[in-house]
Amino acid sequence: MGYWTSITFSQGQQDIVNNRTYLTVYLSMHASSGYWAEYTTAPGTLTVNGVSYPFTTHFKVNGNSQVIYSVGVWINHEFDGTKRVAASASFNTRVVGTLTASNSATLTTIPRASSPTTSKSTVTFGESFDIYTHRKSTAFTHDVYVMANNNPSTYTKIADKIPTDTSWTLPESWKEYFPTAEVKLIIRVFTFNGSTSLGSIDAPPITVKPTPDMLPDCEISVADETENFLKYGGFVQGQSKVKITLNNTFKYNAHLRSQSITVDNITYNTGTQIVDATNQLLKIKSKVIDSRNGETVKNNTLEIMQWHPPIIDAIKIERCKADGTEDGNGDYINVSYDVIISRLNDKNLKSLVIKLSKQEATGETSYSIPISDYETSGNTIIECSSDYAWNIEIKLKDAFAESVYTQLIGTGFTLIDFHNSGRGMAIGKVSEQANLFDVNLQTKFRQGIKIGDIDYTISQSEYEILAQLIGE
């Protein structure tokens with residue numbers, strides 16, 4: 001390889017105050033094995049960090065290495081404390097020509113601006129905390145500023161040229177500067193060496209918790225979409241539709257993040273919800289969360305007026321005389337009833353109507369029966385000719401629904417009756433239809449029976465078997 005030169009570095013002490021490092025730079029000459037050279041006044045130049053240092057030296061190499069020149073210099077670092085230094089050399093050996101070399105090195109970074117921390121990571125308004133500067137030199141001082149998320153209108157200086165630490169209380173008057181949970185309290189520390197600023201570093205952001213007076217207000221309002229409340233003075237079970245609305249108020253510039261309404265364990269993520277009034281107690285829970293993640297929960301229990309369809313609890317219909325005396329051949333009927341209608345604050349409709357219509361005929365007659373109370377018993381006597389069979393319909397009705405009871409009432413009893421057309425006959429009842437033999441009594445044919453050309457007569461033994469089967 002012959003002859004060559006090299007540059008090496010040796011880092012010494014660091015001057016933190018003046019942001020510099022003492023560096024020794026060595027220039028060496030090398031000769032491979034079997035190579036020999038010597039000269040007493042060989043000239044050269046060593047350049048370090050842009051500054052040239054000329055020299056004249058005596059060297060002698062014989063298959064070895066020799067430091068031919070060195071220089072010690074203070075190297076100034078960059079503003080942020082970092083530094084990369086370069087060096088180069090040119091050496092005229094006078095005997096083996098001019099040799100050159102170059103090299104560079106990264107120096108140890110010098111701490112500059114202080115890296116502050118705080119005693120608390122979460123604070124609330126009116127709460128004090130400490131600010132630690134952690135300065136790198138006793139010569140350094142600090143200016144301390146606070147602000148809300150780089151909001152320039154809040155940029156406030158709280159300490160001037162302090163040597164080490166300080167404390168500060170988050171003012172109550174700053175509540176409006178923290179409208180959301182994303183806004184943090186920033187602590188910014190500027191470091192000075194005398195009057196020279198060494199830069200600034202922020203402490204880890206501080207989370208600010210709202211005080212109770214900053215939480216949102218939430219009021220639950222209810223209304224009846226069916227207007228039943230207006231009519232009956234309350235919500236009606238199974239009929240009213242309850243409109244639930246959350247009326248929210250936000251403070252100190254906060255706004256809505258989320259809200260929900262829970263009714264009987266079913267949650268709706270909305271501020272307005274319409275639900276059916278199915279139960280007598282409607283359990284309502286509201287939750288509102290503002291932009292600071294402040295949460296307010298309210299509970300309300302809504303009483304619902306009980307309602308059920310009209311109940312016809314008992315009905316008895318029998319023929320009678322005009323004065324109500326029981327008479328199977330009477331031309332009147334006595335209708336006895338037990339009925340129940342939901343009161344709804346004694347404002348519900350109550351209606352009892354009895355309709356009579358002849359069998360096999362069109363048209364009907366209606367009777368509206370006054371009822372004195374919502375749960376009542378009574379009877380009424382209605383004209384009902386015993387010459388006919390009748391369909392009786394009893395309808396009990398309130399404002400929302402109706403219940404219907406129907407019953408057939410036969411004719412009055414007569415042993416034998418002939419139809420007025422002369423072409424019909426009934427036994428045990430009134431003859432109502434021409435061309436019909438109508439029997440309303442239990443009948444036993446002792447001599448058999450023949451219909452048309454078909455004989456339906458059965459023997460005595462067959463009769464006995466049949467009697468056993470039907471339980472006679």
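Not measured: the values here are computed from a predicted model. Numbering starts at 1 and runs along the sequence shown.
Side-chain contact annotation: T133 with T164, donor-acceptor N/O pair under 3.5 Å absent. Side-chain polar atoms of R257 and S291 form no donor-acceptor pair below 3.5 angstrom.
The CG atom of L46 sits 9.0 Å away from atom OG of S70, with the distance rounded to the nearest 0.5 Å.
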Y337 vs L352, side-chain contact (heavy atoms from CB on, under 4.5 Å): CA-CA, chis, key distance, verdict: CA-CA 10 Å; Y337 54 84; L352 181 62; 3.9 Å; yes
Stepwise salt bridge (charged side-chain N to carboxylate O under 4.0 Å, His left out) test for R188 and D202: CA-CA 4 Å; R188 182 164 295 168; D202 293 348; 2.7 Å; yes
Check against side-chain hydrogen bond (donor to acceptor under 3.5 Å, both in side chains), S377 and D338: CA-CA 4 Å; S377 299; D338 292 336; 2.4 Å; yes
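For R135, the salt bridge (Lys or Arg N to Asp or Glu O under 4.0 Å) test picks out no residue, with sequence neighbours left out. With sequence neighbours left out, the salt bridge (Lys or Arg N to Asp or Glu O under 4.0 Å) criterion links E38 to no other residue. Judged as a ring-ring contact (aromatic ring centres under 6.0 Å, His included), and not counting sequence neighbours, the contacts of Y69 are F55. Partners of H77 under the ring-ring contact (aromatic ring centres under 6.0 Å, His included) rule, at least two apart in sequence or in another chain, do not exist in this structure. In this view, Y3 and Y35 satisfy the ring-ring contact (aromatic ring centres under 6.0 Å, His included) rule, not counting sequence neighbours.
The salt bridge (charged side-chain N to carboxylate O under 4.0 Å, His left out) pairs that include a residue from residues 104-120 are K120-E127, where partners are two or more places apart or lie in different chains. The list of ring-ring contact (aromatic ring centres under 6.0 Å, His included) pairs with a residue in residues 254-312, not counting sequence neighbours, reads W307-F400. The stretch residues 108-131 participates, sequence neighbours left out, in these ring-ring contact (aromatic ring centres under 6.0 Å, His included) pairs: F125-F178. The side-chain hydrogen bond (donor to acceptor under 3.5 Å, both in side chains) contacts involving residues 151-161 comprise D143-K157, D143-K161, N151-S153, K157-D160, where partners must be two or more places apart or lie in separate chains. The stretch residues 167-180 participates, sequence neighbours left out, in these salt bridge (charged side-chain N to carboxylate O under 4.0 Å, His left out) pairs: E172-K175, K175-D213. Screening residues 396-405 for salt bridge (charged side-chain N to carboxylate O under 4.0 Å, His left out), with sequence neighbours left out, gives K395-E402. Evaluation of the salt bridge (charged side-chain N to carboxylate O under 4.0 Å, His left out) test over residues 64-81, restricted to residues two or more places apart or in two chains, returns E78-K83.
For the pair L185 and W174, the minimum side-chain heavy-atom distance is below 4.5 Å. The closest side-chain heavy-atom distance from S90 to T98 is below 4.5 Å. I187 places a side-chain heavy atom less than 4.5 Å from the side chain of V144. Within the 4.5 Å cutoff, side-chain heavy atoms of N391 are placed close to those of L408.
Although no hydrogens or angles enter the test, the distance criterion places no donor-acceptor pair under 3.5 Å between the side chain of D217 and the main chain of T249.
With V263 as the partner, the side chain to side chain contact (heavy atoms under 4.5 Å, CB included) test is satisfied by one option alone out of V275, N279, D276: V275.
A 6.0 Å sphere centred on CD of E182 holds more than 12 heavy atoms belonging to other residues, nucleotides or ligands.
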